[in-house]
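What follows is a short report on a single structure.
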Amino acid sequence: MFPRKPRRPMPRENPFMFQRPRQVPKTQPKQNLLDAFRTSEGGLDLSKITGTAQQMHSLYGQVSPMISKFITKIGK
């Protein structure tokens, strides 16, 4: 393409040829969403469920006004 420009020599060996293969970490089995709310015996922990629901309700109450302001500005 550029006849006057000298070419760089191509490497003869693949630099990745001598690297060790990466070890793939063993993954844990996927957890169900409800597994986070189970007791050590396997039953559902209702106090944890209600506490999480209250936190989500509080978060929604804090974020909702900001989202509604953002949506009204986009609609104009």
Side-chain angles (χ1 to χ4, degrees):
M1 182 161 20
F2 301 103
R4 297 184 193 269
K5 185 176 179 182
R7 291 186 176 186
R8 292 186 311 185
M10 295 295 289
R12 293 183 183 214
E13 296 177 359
N14 184 353
F16 302 105
M17 186 184 313
F18 299 108
Q19 289 184 352
R20 290 187 203 164
R22 274 195 259 165
Q23 293 181 354
V24 179
K26 295 180 182 179
T27 59
Q28 296 178 350
K30 291 185 179 180
Q31 286 187 330
N32 190 356
L33 180 63
L34 288 178
D35 288 344
F37 299 104
R38 294 205 185 273
T39 61
S40 58
E41 292 85 30
L44 289 176
D45 188 358
L46 294 179
S47 63
K48 189 182 268 191
I49 292 172
T50 54
T52 304
Q54 288 173 349
Q55 285 179 348
M56 299 215 23
H57 179 70
S58 173
L59 179 68
Y60 176 77
Q62 294 173 5
V63 174
S64 175
M66 290 185 284
I67 293 175
S68 63
K69 285 181 183 179
F70 181 72
I71 289 175
T72 57
K73 286 184 180 181
I74 291 176
K76 289 182 178 182

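When a residue number appears, it is its place in the shown sequence, counting from 1. What's counted below: heavy atoms across the whole structure, side chains too, no hydrogens, waters or symmetry copies.
Listed here is the closest heavy atom pair of Pro65 and Ser68: O-OG, 2.9 Å. When every heavy atom of Thr39 is checked against every heavy atom of Asp45, the shortest pair comes out as CG2-CB, 3.8 Å.
Under a 3.5 Å cut-off, the side chain of Ser64 and the backbone N or O of Gly61 do not form any donor-acceptor pair. In this structure, Ser58 contributes its side chain and Gln54 its backbone to no donor-acceptor pair below 3.5 Å.
Hydrophobic clustering (ILVMFWY, side-chain heavy atoms < 4.5 Å, transitive): Leu59 and Ile67 are in one cluster. By the criterion of side-chain heavy atoms lying less than 4.5 angstrom apart, applied directly or through intervening Ile, Leu, Val, Met, Phe, Trp or Tyr residues, Val63 is grouped together with Ile71 in one hydrophobic cluster. Transitive grouping of hydrophobic side chains (ILVMFWY, heavy atoms separated by less than 4.5 Å) brings Phe37 and Leu46 into a common cluster.
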